[in-house]
Structure formats: structure tokens, C-alpha cells
Amino acid sequence: QVQLVESGGGLVQAGGSLRLSCAISGITFSINVMGWYRQAPGKQRELVATIRSGGLTIYADSVKGRFTISRGDVKNTVYLQMNSLKPEDTAVYYCWSGATVGSWGQGTQVTVSS
């Protein structure tokens, strides 16, 4: 059974930092593409960043230069380092992978106060 478990969210002031973690279980092979989405209240879920097994990364324009996605040493783990956070980054952040399309975890809430 596939499970995506996110953690690391919280309440932070504008300009602060958070590091999100995600572990995907139930997949026996190393997943090629992993990433993060987020959904703010009243808005559609949007792509934040992706990373391929070779290290190629893609970021939404809104987070370029502030967020860094990376893969963990443990298979099928991914991180999102978020710096210089802004109130508009407030959202529930969800882990995603190309091997588990359609499956979502519970997400982790990130709240940035001004």
C-alpha cells in the first residue's frame, strides 16, 4: 500500500525558514521524479518543485531562489528547504511522485505570518 507522509510544517514569521520532509513507502523501486505541491485556501493545488533522480530540478517562478528541493539518502524521500518565506507561501504542502500519481498524503500546513 502506497503511503506519502509529509512533515515539517508549522507557523513562522515572514522571512523565516522551514524544512519539509516526505517519505514515500509501498514502492520497491527508486522513484525517478518526486516533488512538492501546495494548496492555499480557496485556490487550486499548484506545483512548487520537482526533482529527478539525476538531480534536475524545476521550480515554480514564485519560489525560485528561495526554495530548494533535494532527495534524501534514504530511498524515496524528498525534502523542501524553504527560506525567505512570505505570507503568500501559506498553504498545505503535499508530497508528490511520478510513481504514485493520484495518491496524496495528508499534507503539512505551512503558515507564514506577516
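What you see below is based on every heavy atom in this structure, not just the backbone, and it leaves out hydrogens, waters and symmetry mates.
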Drop me the distance from Ser97's OG to Ile27's CD1, to the nearest 0.5 angstrom. 6.5 Å
Measuring from atom CZ of Arg19 to atom OG1 of Thr68, what distance do you get when rounded to the nearest 0.5 angstrom? 10.5 Å
Would you call Val5 and Ser25 a side-chain contact if the rule is heavy atoms closer than 4.5 Å? no
For the residue pair Leu20 and Met82, establish whether any side-chain heavy-atom pair is separated by less than 4.5 Å. yes
What distance separates Lys86 NZ from Ser114 OG, expressed to the nearest 0.5 Å? 14.0 Å
What are the two closest non-hydrogen atoms of Ile24 and Cys22, and how far apart are they? CG1-SG, 3.9 Å
Under the 3.5 angstrom rule, does the side chain of Gln106 hit a backbone N or O of Glu6 as a donor-acceptor pair? yes
Value for OG1 (Thr111) from CG (Leu11), rounded to nearest 0.5 Å, stands at 6.0 Å
Other than Val101, which residues form its hydrophobic cluster under the rule that side-chain heavy atoms must be closer than 4.5 Å? Val33, Tyr37, Leu47, Val92, Tyr94, Trp96, Trp104
Which heavy atom in Ile31 sits nearest to a heavy atom in Gly98, and how many Å separate them? CG2-N, 4.4 Å
What is the minimum heavy-atom distance between Leu18 and Gly8, and which atoms define it? CD2-O, 3.9 Å
Give me the atom names and distance for the closest heavy-atom approach of Leu85 to Arg66. CA-NH1, 3.8 Å
If every non-hydrogen atom of Arg38 is compared with every non-hydrogen atom of Ser62, which pair is closest and at what distance? NH2-OG, 3.3 Å
If I take atom CZ from residue Arg71 and atom OG1 from residue Thr57, how far apart are they, to the nearest 0.5 angstrom? 12.0 Å
Closest non-hydrogen atom pair between Leu4 and Cys95, with its separation: CD2-O, 3.5 Å
Could you check if a side-chain atom of Phe29 sits within less than 4.5 angstrom of a side-chain atom of Asn76, using non-hydrogen atoms only? no
Between atom CH2 of Trp36 and atom OH of Tyr79, what is the distance when rounded to the nearest 0.5 Å? 10.0 Å
